[in-house]
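Counting starts at 1 for both ligands and their atoms, following the listed order.
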Amino acid sequence: MHEICKLLSDGQFHSGSRLGQQLGITRAAVWKKIKKLEQYGVQVETRAGQGYRLPQGIRLLEPELLRAQIPAAVAVHALVETDSTNAEAVRMLRAGDSDFIVLAEQQTQGRGRRGRQWHSPYASNLYFSYAWSVTKGVQQLEALSLAVGLAVYRALSRMGVADLGVKWPNDLLVANKKIAGILVELVGDITDRCNAVIGIGINVNMCAQQDIEQPWTSLQLELQRPVDRNQLLIEVFAQLQQVLLTQFEHGFAPLQREWEQAHAWQGRHAQLCFAERQLAGQILGITESGQLRMLIDGSEQQFAGGELSLRLSSDS
Ligand code: BTN
């Protein structure tokens with residue numbers, strides 16, 4: 001299916017018989033692959049006498065281009081399909097790989113925070129995980145997902161996304177609709193050497209309504225144009241390397257102010273939810289180590305990430 005998509009990526013008509021020749025299959029088998037593409041959410045136009053085309057063309061991930069633009073020390077593994085790039089990265093680390101990016105056209109079991117699913121349709125969005133080796137322990141890991149959120153914020157801001165903000169601990173929102181999420185998982189022993197699997201999902205060209213519980217948007221919806229996921233990955237990774245260098249050398253503290261300036265809900269009234277409990281208060285900001293500061297019943301309280309989630313109060 002990916003092969004036929006590559007052949008159709010130019011947006012021109014291709015006859016069934018020519019596609020069949022190129023792929024070494026019958027016209028009936030071509031038709032089956034076209035149906036599969038449609039099931040994966042790719043819009044295909046069929047015209048009698050001319051064949052098939054993708055009306056807007058499609059830009060697939062280009063591993064060679066990515067390898068040429070991403071520092072050579074970081075290996076790039078581009079997959080057509082995987083369960084989850086984070087899960088794939090964990091398996092690769094356990095098998096002895098290190099310092100790599102793994103990305104995929106599609107995830108069948110994309111993982112979100114708090115056991116949620118991350119919707120990952122084929123050839124539509126960016127799903128990647130970076131295996132970052134941790135040699136400095138707590139300083140490198142403290143507030144890591146906030147730092148990563150800031151890198152994504154910088155990259156999307158540079159593309160001209162308006163109304164963009166970070167939401168504690170690691171969401172990216174456009175006018176309160178989610179555009180990107182981050183999931184950091186650790187592999188190894190944090191008291192010794194370990195790796196952080198930094199998983200980033202960005203809604204890029206997804207436009208149709210998917211079965212997603214929370215309000216969402218995508219870069220294409222915001223910018224009114226399709227976005228090339230290859231260039232986006234290159235830009236996000238460049239920003240990621242910058243914040244990770246700061247994080248490595250000094251920890252999160254130098255990034256705290258910039259994070260607060262990018263904070264979508266700074267000063268807003270919100271509810272903090274954990275287990276069965278909810279606490280209402282005003283969001284004051286974050287500490288130098290990335291804890292959430294809230295004013296609750298007149299006094300400041302600080303909260304670490306984990307299973308907490310934040311919701312705006314209706315009076316905010
Ligand atoms: C969230 O906001 O809930 C976090 C979403 C993280 C999604 C990304 S997509 C790439 C990587 N692989 C996964 O399975 N999850 C992360």
**Student:** May I ask you to say whether Arg154 pairs ionically with Glu258, meaning some side-chain N is under 4.0 Å from a carboxylate O?
**Tutor:** yes

**Student:** Hey, could you give me the CD/CE distance between Glu235 and Met159, rounded to the nearest 0.5 Å?
**Tutor:** 8.0 Å

**Student:** Considering only protein heavy atoms, which is closest to atom 2 (O) of ligand 1, and at what distance to one decimal place?
**Tutor:** Lys178 NZ, 2.5 Å

**Student:** Can you tell me the protein heavy atom closest to atom 8 (C) of ligand 1 and the distance?
**Tutor:** Gly201 N, 3.6 Å

**Student:** Check each of Gln106, Gln39, His2 against Tyr122 using the side chain to side chain donor-acceptor pair (under 3.5 Å) test, and report the only one that passes.
**Tutor:** His2

**Student:** For atom 10 (C) of ligand 1, which protein heavy atom lies nearest, and how many Å away is it?
**Tutor:** Thr85 OG1, 3.2 Å

**Student:** Does this structure show an ion pair linking Glu38 with Lys36, if we count only N-O contacts that are shorter than 4.0 Å?
**Tutor:** no

**Student:** Out of Lys178, Lys177, Glu222, which one pairs with Thr217 under the side chain to side chain donor-acceptor pair (under 3.5 Å) rule?
**Tutor:** Glu222

**Student:** For ligand 1, indicate whether the residue Arg114 contacts it via side chain, backbone, both or neither (heavy-atom separation under 4.0 Å).
**Tutor:** neither

**Student:** Please confirm whether Arg111 comes within less than 3.5 Å of ligand 1 when only nitrogen or oxygen atoms on both sides are compared.
**Tutor:** yes

**Student:** Indicate yes or no for a side-chain donor-acceptor contact from Glu88 to the backbone of Asp83 under 3.5 Å, with no hydrogens or angles considered.
**Tutor:** no

**Student:** Classify the contact between Asp171 and ligand 1 as side chain, backbone, both or neither, using a heavy-atom distance cut-off of under 4.0 Å.
**Tutor:** side chain

**Student:** In ligand 1, which numbered atoms sit nearer than 4.0 Å to a non-hydrogen atom of Ile200?
**Tutor:** 8 (C), 9 (S), 10 (C)

**Student:** I'd like to check which ligand 1 atoms, numbered from 1 as shown, lie under 4.0 Å from a non-hydrogen atom of Gly110.
**Tutor:** 14 (O)

**Student:** What atoms of ligand 1 come within less than 4.0 Å of a heavy atom belonging to Ser84?
**Tutor:** 12 (N), 13 (C), 14 (O)

**Student:** Does Lys32, at its NZ atom, have more than 12 non-hydrogen atoms belonging to other residues, nucleotides or ligands within less than 6.0 Å?
**Tutor:** no

**Student:** To which protein heavy atom is atom 3 (O) of ligand 1 closest, and what is the distance rounded to 0.1 Å?
**Tutor:** Arg113 N, 2.6 Å

**Student:** Show the atoms of ligand 1 that are less than 4.0 angstrom away from any heavy atom in Phe128.
**Tutor:** 10 (C)

**Student:** Can you sort out which atoms of ligand 1 are near Gly112, meaning under 4.0 Å from one of its heavy atoms?
**Tutor:** 1 (C), 3 (O), 4 (C), 5 (C)

**Student:** According to salt bridge (Lys or Arg N to Asp or Glu O under 4.0 Å), who are the partners of Arg116, at least two apart in sequence or on a separate chain?
**Tutor:** Glu213

**Student:** Using a heavy-atom cut-off of under 4.0 Å, does the side chain or the backbone of Arg116 touch ligand 1, or both, or neither?
**Tutor:** neither

**Student:** Among protein heavy atoms, which lies nearest atom 5 (C) of ligand 1, and at what distance?
**Tutor:** Trp118 CE3, 3.4 Å

**Student:** Do Tyr52 side-chain atoms and Gln12 backbone N/O form a donor-acceptor pair below 3.5 Å?
**Tutor:** no

